[in-house]
Amino acid sequence: NKNVSSFERGVGSVSKMLIRMMLFIIPIIFLINGTIKNDWISALLFAVSIAVGLTPEMLPVIMTSTLAKGAIEMSKHQVIVRTLGSIQTFGEMDVLCTDKTGTLTEDKIVLERYMNLAGQDDRRVLRHVYLNSYFQTGLKNLIDLAIINRAEKYQLQDMLEQYHKVDEVPFDFARRRMSVILEDRTGKRQLITKGAVEEMLEICSFVELEGSVVPLGAKEKQIAMKTYTKYNNEGLRMLAVAQKNEVPDEGHFTVADESQMVLIGFVGFLDPPKESSKAAVTALRNHGVRTIVLTGDSEGVALKVCSKVGIDVGEHYTGTDVEEMTDEKLQEIVRTCNLFSKLAPLQKQRVVQALQDNGHTVGYMGDGINDT
């Protein structure tokens, strides 16, 4: 703190010194020239020309020292300024695009529900999703950690020694799901997949209802979507869980193996909004900055969070809608829409670009890999 304070005083002193030098030197030049030549008009013109010549030379120094002082002021509010010029742009910002998870919400995800397709608690669904999260070797995100923590409360880690992993199909933002292939002590193989509900339905040909595996038809899909919609609208982030036992005896698996799956249930997570989010959104609005949410999460959860933090979501679109829009149409939509859900990373980029093309200075905030 002492170092910052001394540097801050030094920066302020430099700016003041440079300005005082100009205010002091120019009148002296004027007086000396006027006295020697006795031509006060020429002396005035010469002094003005010196001032005009010095100003461009001094301005970068004054601007840099002023911006450095601004960076110090920002540091007092726990903001790191890496590029001094960004402070000017920050002041010009009139639109802030923000992710939802971890920015508007607490980023403390808790597994609230594990249920079958009818919405009844089902420990078997928890066991399957636990195996998926535990054995995947990618970076375990907060959802995986929430699943593992809940499963370990029920001592489900005792079953892990019965399995070993054969392979996995990692997560990506196009598929929005990931799979692991496990083999138990008897040599039986099983492919377990978890992911976004709509994308999971695309790879499922069967569902498990009342203990029986039946083909996925219109009636079965309606039952599943009714449960999903109910809890999604209540603000739970829902993932679907599927599995299949007809797994080939090979060592390498691809996306093509994610087919003919059996949908067995859902897991629902709660990630409440930060207490400070509503006040922050209001403060931004009062300072002329519009907040737009760009999230990869589902529409229902995003709507719930936005309504709690005071963002107008009378108009909202999904990544599928954005994909079908032309650039011109998207530029028109972003004039009034404050929520875009289920976005892939490149779709987030398109929305930001559309806002910039409309002449806005756009800030962006997010902490996920898709934001990066």
Side-chain angles (χ1 to χ4, degrees), residues 83 85-105 171-177 195-202 225 228-229 232-233 237 255 273 277-278 280-372:
T83 305
S86 64
I87 297 177
Q88 291 173 291
T89 310
F90 183 67
E92 296 170 358
M93 180 179 70
D94 61 340
V95 173
L96 174 64
C97 292
T98 175
D99 184 32
K100 178 185 68 65
T101 305
T103 48
L104 295 178
T105 62
F171 177 88
D172 65 60
F173 289 102
R175 291 164 40 250
R176 297 167 63 84
R177 59 179 182 266
V197 174
E198 289 86 350
E199 284 75 5
M200 289 289 290
L201 283 170
E202 293 176 2
M225 289 303 295
Y228 162 67
T229 303
N232 185 247
N233 290 342
R237 183 175 182 177
V255 173
S277 291
K278 187 170 185 178
V281 170
T282 302
L284 285 166
R285 186 185 304 117
N286 292 339
H287 284 81
V289 181
R290 173 183 162 208
T291 303
I292 299 177
V293 176
L294 309 181
T295 178
D297 224 344
S298 62
E299 190 175 38
V301 175
L303 286 169
K304 193 79 171 181
V305 170
C306 287
S307 64
K308 288 184 177 180
V309 301
I311 296 175
D312 181 11
V313 288
E315 184 179 1
H316 48 86
Y317 295 90
T318 65
T320 303
D321 300 324
V322 171
E323 194 67 30
E324 295 173 352
M325 292 178 189
T326 63
D327 291 342
E328 292 74 18
K329 179 64 175 177
L330 185 56
Q331 288 176 31
E332 179 184 339
I333 291 298
V334 296
R335 297 180 192 277
T336 53
C337 180
N338 295 327
L339 171 62
F340 294 86
S341 58
K342 292 204 71 176
L343 292 178
L346 290 179
Q347 291 168 344
K348 289 189 176 189
Q349 182 189 21
R350 279 194 68 199
V351 174
V352 172
Q353 185 64 56
L355 288 161
Q356 291 174 330
D357 291 342
N358 283 349
H360 294 286
T361 300
V362 185
Y364 189 90
M365 183 167 61
D367 66 349
I369 185 64
N370 55 341
D371 300 300
T372 304

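Throughout, residue positions are numbered sequentially from 1 according to the sequence presented.
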| field | Gap separating the CD atom of Glu323 from the NZ atom of Lys342, nearest 0.5 angstrom | value | 13.0 Å
| said: When you compare the side chain of Leu339 with that of Ile311, does any pair of heavy atoms fall below 4.5 Å? | reply: no
| Would you say Asn232 and Val197 make side-chain contact, with heavy atoms under 4.5 Å? | no
| said: Go through it in stages, so that I can follow the logic: the residues are Asp99 and Lys348, the test is side-chain contact (heavy atoms from CB on, under 4.5 Å), and I'd like the CA-CA distance, side-chain angles, deciding distance and then a yes or no. | reply: CA-CA 10 Å; Asp99 184 32; Lys348 289 189 176 189; 3.5 Å; yes
| said: For a quick test of reading the model, state the closest non-hydrogen atom pair linking Asn233 to Gly300 and the distance between them. | reply: OD1-CA, 4.2 Å
| request: Take Arg285 and Thr291 through the side-chain contact (heavy atoms from CB on, under 4.5 Å) test and state the conclusion after the steps. | output: CA-CA 8 Å; Arg285 186 185 304 117; Thr291 303; over 6 Å; no
| remark: Scanning both residues in full, the closest heavy-atom pair of Gly296 with Arg176 reads O-NH2, 2.8 Å
| Between the side chains of Asp357 and Gln353, does any donor sit under 3.5 Å from an acceptor? | yes
| said: Test of understanding: with side chain to side chain contact (heavy atoms under 4.5 Å, CB included), list the residues that count as partners of Lys308, not counting sequence neighbours. | reply: Pro273, Lys304
| Pairwise side-chain contact, Thr98 with Val293, heavy-atom cut-off 4.5 Å (strictly under) | yes
| said: Within the 4.5 Å heavy-atom criterion, are Thr326 and Glu332 side-chain neighbours or not? | reply: no
| Euclidean distance, Thr361 OG1 relative to Gln356 CD, rounded to 0.5 Å | 8.5 Å
| request: Report yes if the side chains of Thr101 and Arg237 come closer than 4.5 Å at any heavy-atom pair, otherwise no. | output: yes
| task | Measure the spacing between CD of Glu92 and NE2 of His360 and express it to the nearest 0.5 Å. | result | 14.0 Å
| request: Give the minimum heavy-atom separation between His316 and Cys337, together with the two atoms involved. | output: CA-SG, 3.7 Å
| remark: When every non-hydrogen atom of Thr83 is compared with those of Ser86, the smallest separation belongs to O-OG, 2.5 Å
| note | On a heavy-atom basis, the closest approach of Arg290 and Val334 is NH2-O, 2.6 Å
| said: Measuring from atom NZ of Lys100 to atom OG of Ser298, what distance do you get when rounded to the nearest 0.5 angstrom? | reply: 7.5 Å
| request: Determine, stepwise, if the pair Asn358 / Val95 fulfils side-chain contact (heavy atoms from CB on, under 4.5 Å). | output: CA-CA 11 Å; Asn358 283 349; Val95 173; over 6 Å; no
| Just how far is it from atom CD of Gln347 to atom CZ of Phe340, taken to the nearest 0.5 Å? | 10.5 Å
| query | Checking side-chain contact (heavy atoms from CB on, under 4.5 Å) for the pair Cys97/Leu355: CA distance, chi angles, key distance, verdict? | reply | CA-CA 10 Å; Cys97 292; Leu355 288 161; 3.4 Å; yes
| message | Looking at Phe173, I want to see if its CZ is surrounded by more than 12 non-hydrogen atoms of other residues, nucleotides or ligands under 6.0 Å. | response | yes
| field | Considering all heavy atoms, the nearest Gln331-Arg335 contact | value | O-CG, 3.4 Å
| request: Find out whether Asp371 and Met365 are in side-chain contact, i.e. whether some heavy atom of one side chain is under 4.5 Å from a heavy atom of the other. | output: no
| query | Under 3.5 Å, is there a donor-acceptor pair between the Thr318 and Asp321 side chains? | reply | yes
| Distance, nearest 0.5 Å, that separates CE of Met93 from OH of Tyr364 | 13.5 Å
| field | Asn338 side-chain N/O to Val313 backbone N/O, donor-acceptor pair under 3.5 Å | value | no
